[in-house]
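Each remark here refers to the structure printed beneath this line.
Side chains are part of it too, since the values below use all heavy atoms of this structure and drop only hydrogens, waters and symmetry mates. We count ligands from 1, going down the list as the structure has it; atoms in each ligand are counted the same way.
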Amino acid sequence: MEFRKDFFERLKTAKNILFFTGAGISAESGIATFRGKDGLWNKLKPEELANFNAFMKNPDMVWEWYQYRREIINETKPNLGHYTIVEFEKYFEKVDVVTQNVDNLHGRAGSSSIYELHGNIERNFCVDCKTFYNKEDLLGSEKVPRCTKCNGLIRPDVVWFGEMLPAGVFEKSEQLAMNSDITFVVGTSAVVYPAAYIPISAKQGGAYVVEINLDGTEISGSVDYSLRGKSGEILPEILNIIKEQKGAV
Ligand code: BJW
Ligand code: ZN
């Protein structure tokens, strides 16, 4: 793939790189995205699963859905997209990952600076006393487990609609976006807020914003460069250019 000259020049001088990622980066690991033709929410209604009232109304069903997704995540591995982002750390002063994903695949790939905007499916906590439980404590629980301290319901530590993002994480992510030289927006439809403000903040802060996505999205018209294709293919191509620029090949 031939990259545009202005992008090529920006890569040469960039120091701070931010990756803002969504479900699309994990699609090549076999994890379904939310929206689109094969998306999870084509078959299931988000309002019945991804909000606190739905959980309180039918905790076993919501719990079972998360256990099912955990099994898929447990059995899969990070893909070339995740691993390439880790490799960027060799060539730039600062590389941060701000992700909307809850699958922990950036962590398993080895990225050293990760901000999780929507939580992490591997953790759980009691809705009443807030005690944390990790996935190993609860493996095999088909029905919603109860807290050993207060008998409260245990829920996944993910951010549902109508809930606040983890304290400070969004603010820090916005700062990183503003201070980045290049922000890569990878595999997200950019329709869920406040996360979708990240590319906007990056642009406001003067970053060069590159979108990598199979399709056009809400933000394609306002980024500097929109690359269409699979993240597991495009990111390695960009890394090759960087290696050439830095004399590493
Ligand atoms: C590839 C690829 C490949 C595929 N390579 N690309 C009206 C206006 C504005 C905001 C609101 C509003 N009404 C309500 C709100 C607020 C609401 C919101 O944004 N709603 C909009 C949907 C309208 N937001 C919230 O409620 C947030 N909280 C909040 O605002 O708090 C303040 C508040 C408090 C109290 C009251 C009111 C407000 C919280 C949002 C939480 C989102 N949670 C979820 C579920 C997490 C848990 C779980 O996993 O089950 O997070 S929703 C879901 O969407 C998940 C994702 O992180 C998030 C984003 O999805 P993502 O990653 O973009 O995935 P997709 O599927 O949409 O896109 C995949 C993309 O990849 C596609 O573009 C493909 O083309 C591409 N792709 N394969 C490259 N190989
Ligand atoms: Zn408890």
Side-chain angles (χ1 to χ4, degrees), residues 19-42 44-55 62-63 65-70 72-73 79-82 84 98-105 116-133 145-167 169-170 184-199 210-220 226-236:
F19 286 94
F20 171 58
T21 65
I25 195 163
S26 296
E28 289 157 73
S29 292
I31 300 176
T33 59
F34 294 93
R35 298 164 189 86
K37 74 172 165 43
D38 299 319
L40 279 174
W41 288 344
N42 241 348
L44 301 157
K45 290 200 177 82
E47 61 271 24
E48 282 174 16
L49 290 161
N51 72 75
F52 186 69
N53 290 341
F55 175 70
V62 175
W63 178 260
W65 188 58
Y66 280 93
Q67 286 294 76
Y68 163 74
R69 288 174 53 200
R70 281 185 183 115
I72 293 171
I73 292 166
N79 64 58
L80 211 47
H82 300 99
T84 304
V98 169
T99 189
Q100 298 167 88
N101 299 345
V102 299
D103 57 28
N104 199 30
L105 290 185
E116 292 173 323
L117 293 174
H118 295 159
N120 187 315
I121 201 167
E122 296 193 348
R123 291 188 308 258
N124 302 276
F125 66 94
C126 166
V127 297
D128 292 329
C129 74
K130 318 291 178 215
T131 298
F132 272 88
Y133 292 85
R146 295 272 178 174
C147 177
T148 52
K149 293 196 177 135
C150 78
N151 204 38
L153 292 169
I154 294 177
R155 60 165 282 180
D157 187 14
V158 299
V159 181
W160 284 325
F161 285 112
E163 293 185 323
M164 304 298 281
L165 274 53
V169 178
F170 177 70
F184 290 96
V185 181
V186 187
T188 176
S189 57
V191 295
V192 173
Y193 284 86
Y197 286 125
I198 299 293
V210 184
E211 176 180 60
I212 300 174
N213 199 302
L214 280 181
D215 294 317
T217 70
E218 289 291 301
I219 60 156
S220 299
S226 192
L227 294 165
R228 301 283 161 86
K230 291 185 175 175
S231 45
E233 293 173 4
I234 295 182
L235 284 168

Requested in this report: Identify the heavy atoms of W160 and A50 that sit nearest to each other, and give their distance.
Outcome: CB-O, 3.2 Å
Requested in this report: Measure the spacing between CD1 of I25 and OG1 of T188 and express it to the nearest 0.5 Å.
Outcome: 11.0 Å
**Report entry** Where ligand 1 meets E28 - atom numbers and elements under 4.0 angstrom, heavy-atom basis
**Finding:** 3 (C), 5 (N), 80 (N)
Report summary line: Filtering N120, V185, L214 for the heavy atom nearest atom 78 (N) of ligand 1 leaves L214
**Report entry** Heavy-atom gap G162 to ligand 1 smaller than 4.0 Å
**Finding:** yes
Report summary line: The atoms of ligand 1 lying under 4.0 Å from a heavy atom of Y66, numbered in the order shown, are 47 (C), 48 (C), 50 (O)
Query raised in the report: Given that the side chain starts at C-beta and the backbone is N, CA, C, O, which of these parts of I25 lies under 4.0 Å from ligand 1, counting heavy atoms, or is it both or neither?
Result: neither
Query - Heavy-atom proximity to atom 4 (C) of ligand 1, best of P194, G119, G81, G24 - result: G24
Query raised in the report: Taking distance alone, with no angle check, do A23 and ligand 1 share an N/O pair under 3.5 Å?
Result: yes
Query raised in the report: Quick one: does ligand 1 sit under 4.0 Å from the side chain of H118, the backbone, both or neither, non-hydrogen atoms only?
Result: side chain
Query raised in the report: So is N101 polar-close to ligand 1, meaning N/O to N/O under 3.5 Å?
Result: no
Query raised in the report: With backbone taken as N, CA, C and O and side chain as the heavy atoms from C-beta onward, which portion of R35 lies under 4.0 Å from ligand 1: side chain, backbone, both, or neither?
Result: both
Report summary line: ang(SG C126, the Zn ion (ligand 2), SG C147) rounded to 10° is 110°
Query raised in the report: Hey, which atoms in ligand 1 end up nearer than 4.0 Å to a heavy atom of G187?
Result: 6 (N), 69 (C), 70 (C), 71 (O)
Report summary line: Logged contact type for V102 with ligand 1, heavy-atom cut-off 4.0 Å, is side chain
**Report entry** Salt-bridge contact R155-E163 (side-chain N to carboxylate O under 4.0 Å)
**Finding:** yes
Report task. Answer yes or no: does an N/O atom from K230 fall short of 3.5 Å to an N/O atom of ligand 1? Result -> no
Query raised in the report: Which of the numbered atoms in ligand 1 are below 4.0 angstrom from a heavy atom of G22?
Result: 62 (O)
Query raised in the report: Would you find a donor on one side and an acceptor on the other, under 3.5 Å apart, between the side chain of D103 and the backbone of I121?
Result: no
Requested in this report: Could you check which of I212, I219, V192 puts a non-hydrogen atom nearest to atom 58 (C) of ligand 1?
Outcome: V192
Query raised in the report: Nearest to atom 44 (C) of ligand 1 by heavy atom, V159, V186, V191: which?
Result: V159
**Report entry** Geometric N/O contact T188 with ligand 1, under 3.5 angstrom
**Finding:** yes
Report task. Pull out every atom of ligand 1 sitting under 4.0 Å from any heavy atom of A27, numbered as shown with elements. Result -> 78 (N)
Query raised in the report: Taking heavy atoms and a distance under 4.0 Å, where does F170 meet ligand 1: side chain, backbone, both or neither?
Result: neither
Query raised in the report: Which atoms of ligand 1 sit under 4.0 Å from any heavy atom of G229?
Result: 5 (N), 79 (C)
Query raised in the report: Against heavy atoms of W41, which atoms of ligand 1 measure under 4.0 Å?
Result: 52 (S), 53 (C)
Query - Min heavy-atom dist A195 to ligand 1 below 4.0 Å - result: no
Query raised in the report: Relative to ligand 1, is S189 under 4.0 angstrom through side chain, backbone, both or neither, heavy atoms considered?
Result: both
**Report entry** Any N/O pair T217/ligand 1 closer than 3.5 Å
**Finding:** no
Report summary line: Within the 4.0 Å heavy-atom cut-off, what E163 brings close to ligand 1 is backbone
Report task. Please identify which atoms of ligand 1 are closer than 4.0 Å to at least one heavy atom of M164. Result -> 32 (C), 34 (C)
Query raised in the report: Does NZ or CZ of R146 lie under 6.0 Å from the centre of the six-membered ring of W63, at an angle within 45° of the ring axis?
Result: no
Query - ligand 1 versus V158: contacting region, heavy-atom distance under 4.0 Å - result: side chain
